[in-house]
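To start, the structure itself, in structure tokens.
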Amino acid sequence: MAVTRTFSIIKPDATRRNLTGAVTKMLEEAGLRVVASKRIQMSREQAEGFYAVHKERPFFGELVDFMISGPVVVQVLEGENAMQANRDIMGATNPKDADAGTIRGELAESIEANTVHGSDSDENAAIEIAYFFDDAEIVG
Ligand code: IDP
Ligand code: MG
């Protein structure tokens with residue numbers, strides 16, 4: 001296995017509950033290293049662009065409203081097969097289906113306010129990292 005990078009967002013439900021550290025601890029305990037991190041307030045345009053792949057889904061408008069409802073922490077994570085390692089520690093999209101011990105299983109509020117985003121492929125990870133970070137901001 002190779003050391004790769006993936007993209008993560010700590011969502012507004014987590015920053016509101018002061019869980020940035022709790023989420024990051026679970027990521028680190030899963031073998032991931034935070035090689036870039038910044039707390040931002042996303043604009044509507046930025047959130048719509050980020051989630052453009054979901055724009056035909058019925059929950060798109062509410063998802064964008066939620067993602068701009070408070071600050072988020074965008075991160076680049078590095079580790080062995082980082083995309084899959086992150087998806088594994090995140091847990092299922094709906095916290096009702098997420099295993100105990102996963103971030104969503106332990107911390108998520110609902111299928112929408114589900115605490116974290118994680119890229120779903122290495123290709124999308126590269127696109128999503130470039131959407132929020134310049135190369136110089138990533139220090140491995
Ligand atoms: P993922 O975050 O596990 O990759 P996706 O299907 O890519 O799940 O959905 C993106 C985000 O959209 C989810 O994390 C969640 O915040 C939101 N979402 C997904 N399905 C629903 C739904 O049925 N109702 C409301 N929000 C949803
Ligand atoms: Mg997804």
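FYI, side chains are in, hydrogens and waters are out, and symmetry mates aren't considered; it's all heavy atoms of this structure. Whatever order the structure lists ligands and atoms in, that order sets their numbers, starting from 1.
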Considering both backbone and side-chain atoms of His117, is one of its nitrogen or oxygen atoms within less than 3.5 Å of a nitrogen or oxygen in ligand 1? no
If I take atom OG1 from residue Thr102 and atom CE from residue Met26, how far apart are they, to the nearest 0.5 angstrom? 6.5 Å
Would you say that Pro12 contacts Val72 through its side chain, given a criterion of any heavy-atom pair below 4.5 Å between the two side chains? yes
Quick one: look at Ile111 and ligand 1, take heavy-atom pairs under 4.0 Å, and tell me if it's side chain, backbone, both or neither. both
Which atoms of ligand 1 sit under 4.0 Å from any heavy atom of Asn114? 13 (C), 14 (O), 15 (C), 16 (O)
With atom 4 (O) of ligand 1 as the reference point, say which of Met67, Arg87, His54 has the nearest heavy atom. Arg87
Between Tyr51 and ligand 1, is there a nitrogen or oxygen pair with a distance under 3.5 Å? no
Tell me, please, whether Phe66 has Lys11 positioned over its six-membered ring: NZ or CZ under 6.0 Å from the ring centre and within 45 degrees of its axis? no
Is a side-chain donor or acceptor of Tyr131 paired with a backbone partner of Phe50 at a separation under 3.5 angstrom? yes
Could you establish whether Leu63 and ligand 1 come within less than 4.0 Å of each other, counting only heavy atoms on the residue side? yes
Which bit of Arg57 is near ligand 1, meaning a heavy atom under 4.0 Å away: side chain, backbone, both or neither? side chain
Measure across Thr6 and Ala82 and return the closest heavy-atom pair with its distance rounded to 0.1 Å. CG2-O, 3.6 Å
About how many Å separate CD1 of Ile103 and CG of Asp88, when rounded to the nearest 0.5 Å? 11.0 Å
How far is atom 22 (C) of ligand 1 from its nearest protein heavy atom, and which residue and atom name does that atom have? Phe59 CD2, 3.5 Å
With a 4.0 Å cut-off on heavy atoms, does Lys11 reach ligand 1? yes
Protein heavy-atom partner closest to atom 3 (O) of ligand 1 - residue, atom, separation in Å: Thr93 OG1, 2.5 Å
Under a 4.0 angstrom heavy-atom cut-off, which atoms of ligand 1 come close to Arg104? 1 (P), 2 (O), 3 (O), 14 (O)
Set of salt bridge (charged side-chain N to carboxylate O under 4.0 Å, His left out) partners for Arg44, sequence neighbours left out: Asp65
Using modelled atom types and a 3.5 Å cut-off, is there a donor and acceptor pairing between side-chain atoms of Arg17 and backbone atoms of Leu107? yes
